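As the structure is a prediction and not an experimental result, all values here were calculated from the model. Atom set for the values below is all heavy atoms of this structure, side chains included, hydrogens, waters and symmetry mates excluded. Throughout, residue positions are numbered sequentially from 1 according to the sequence presented.
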Amino acid sequence: MASRHLSRSIAMQSLYEWDFAGKKEESLDKIVQKNIDEFGPGLEDKGFIWELVRGVVKKITSIDKIITKAAPEWPIDQITIVDRNVLRIGLYELLYGNKEDVPPKVAINEAIELAKTFGGESSGKFINGVLGTVFSEIEKK
């Protein structure tokens, strides 16, 4: 597994656990470190994991508003925890990430792969639809 993909997986698992446990900010660092130790012991660049997790948490309010707008028939608390956090990571990379490091289409494809790996049967299509909608809006501007 490529290191960036593994980093995204660890970030998603960490955000999932944090979200499931009630989004207590004081527990986030411990959760991320535990997951890095467990799932990424040989990973060279652990900084990307921290960038994703901290970036998502810092921008979570605006990211969740975008999810609500792009998927109005799905209230944020009714989206599965996996899909919700895959969307958060994908949107963070799409909107706030370095476009030279991660082009928008790569961010979308990576989110779809995470959804297929960790989510349900229709997660990949759902993630693709929401991120595709947001990307189309960005392209118009």
Undergrad: For residues 40-49, tabulate all N or O donor-acceptor pairs below 3.5 Å that involve a side-chain atom, not counting sequence neighbours.
TA:
| unit_1 | atom_1 | unit_2 | atom_2 | d |
| --- | --- | --- | --- | --- |
| Asp45 | OD1 | Gly47 | N | 3.1 |
| Lys46 | NZ | Leu43 | O | 2.8 |

Undergrad: If the condition is salt bridge (Lys or Arg N to Asp or Glu O under 4.0 Å), which residues does Lys34 pass it with, not counting sequence neighbours?
TA: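 Partners of Lys34 by the salt bridge (Lys or Arg N to Asp or Glu O under 4.0 Å) criterion, ordered by chain and then number, come out as Glu17.
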Undergrad: Sequence neighbours left out, what passes side-chain contact (heavy atoms from CB on, under 4.5 Å) with Tyr96? Give chain and number order.
TA: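 Here the qualifying residues are Lys59, Ser62, Ile63, Tyr92.
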Undergrad: Measuring from atom CG of Leu91 to atom CG of Leu131, what distance do you get when rounded to the nearest 0.5 angstrom?
TA: 5.0 Å
Undergrad: According to salt bridge (Lys or Arg N to Asp or Glu O under 4.0 Å), who are the partners of Lys23, at least two apart in sequence or on a separate chain?
TA: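 With neighbours one apart ignored, the set is empty.
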Undergrad: Tell me the closest heavy-atom pair linking Ser9 and Leu114, and the distance in Å.
TA: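 Closest approach of Ser9 to Leu114, heavy atoms only: OG-CD2, 3.4 Å.
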Undergrad: Under the salt bridge (Lys or Arg N to Asp or Glu O under 4.0 Å) rule, collect the residues that match up with Glu51, sequence neighbours excluded.
TA: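 Counting only residues at least two positions away or on another chain, Glu51 forms no salt bridge (Lys or Arg N to Asp or Glu O under 4.0 Å).
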Undergrad: Enter the distance from Ile66:CD1 to Thr61:OG1 here, rounded to the nearest 0.5 Å.
TA: 11.0 Å
Undergrad: So, taking the atom named CZ in Arg8 and the one named CD1 in Ile89, what distance separates them when rounded to the nearest 0.5 Å?
TA: 9.0 Å
Undergrad: What is the minimum heavy-atom distance between Tyr16 and Ile81, and which atoms define it?
TA: CD1-CG2, 3.2 Å
Undergrad: Not counting sequence neighbours, which residues clear side chain to side chain donor-acceptor pair (under 3.5 Å) with Lys140? List them please.
TA: Glu137
Undergrad: Only pairs at least two apart or in different chains count here, so list each side chain to side chain donor-acceptor pair (under 3.5 Å) that has a residue in residues 78-89.
TA: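 Qualifying pairs, neighbours excluded: Asp19-Arg84, Asp19-Asn85, Asp19-Arg88, Asp64-Arg88, Thr80-Asp83, Asp83-Ser123, Asn85-Arg88.
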Undergrad: Who passes side chain to side chain donor-acceptor pair (under 3.5 Å) against Ser27, sequence neighbours left out?
TA: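 Checked Ser27 against side chain to side chain donor-acceptor pair (under 3.5 Å); zero matches.
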Undergrad: Calculate, to the nearest 0.5 Å, the distance between atoms CD1 and CG belonging to Ile10 and Asn35 respectively.
TA: 7.5 Å
Undergrad: To the nearest 0.5 Å, how far apart are CD1 in Ile31 and CH2 in Trp18?
TA: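 Nearest 0.5 Å value for the CD1-CH2 distance: 9.0 Å.
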Undergrad: Could you work out, with side chain to side chain donor-acceptor pair (under 3.5 Å) as the rule, every residue matching Asp77, not counting sequence neighbours?
TA: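 Testing Asp77 for side chain to side chain donor-acceptor pair (under 3.5 Å), a comparison that skips the adjacent residues, returns none.
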Undergrad: Taking side chain to side chain donor-acceptor pair (under 3.5 Å) as the definition, give me every residue that meets it alongside Glu113, ordered by chain and number, with sequence neighbours left out.
TA: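 Per chain and number, Glu113 pairs via side chain to side chain donor-acceptor pair (under 3.5 Å) with no residue.
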Undergrad: If you round to the nearest 0.5 Å, how far is CD1 of Ile76 from CD1 of Ile60?
TA: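 Atom-to-atom, Ile60:CD1 and Ile76:CD1 are 8.0 Å apart.
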Undergrad: Does any non-hydrogen side-chain atom of Trp74 lie less than 4.5 Å from one of Val130?
TA: no
Undergrad: For residues 99-111, run the donor-acceptor check on the side chains, cut-off 3.5 Å, and write out each pair with its distance to 0.1 Å, sequence neighbours left out.
TA:
| unit_1 | atom_1 | unit_2 | atom_2 | d |
| --- | --- | --- | --- | --- |
| Lys99 | NZ | Leu94 | O | 2.8 |
| Lys99 | NZ | Gly97 | O | 3.3 |
| Asn109 | ND2 | Lys105 | O | 3.2 |
| Glu110 | OE1 | His5 | ND1 | 2.7 |

Undergrad: When you look at CH2 of Trp50, are more than 12 heavy atoms from neighbouring residues, nucleotides or ligands closer to it than 6.0 Å?
TA: yes
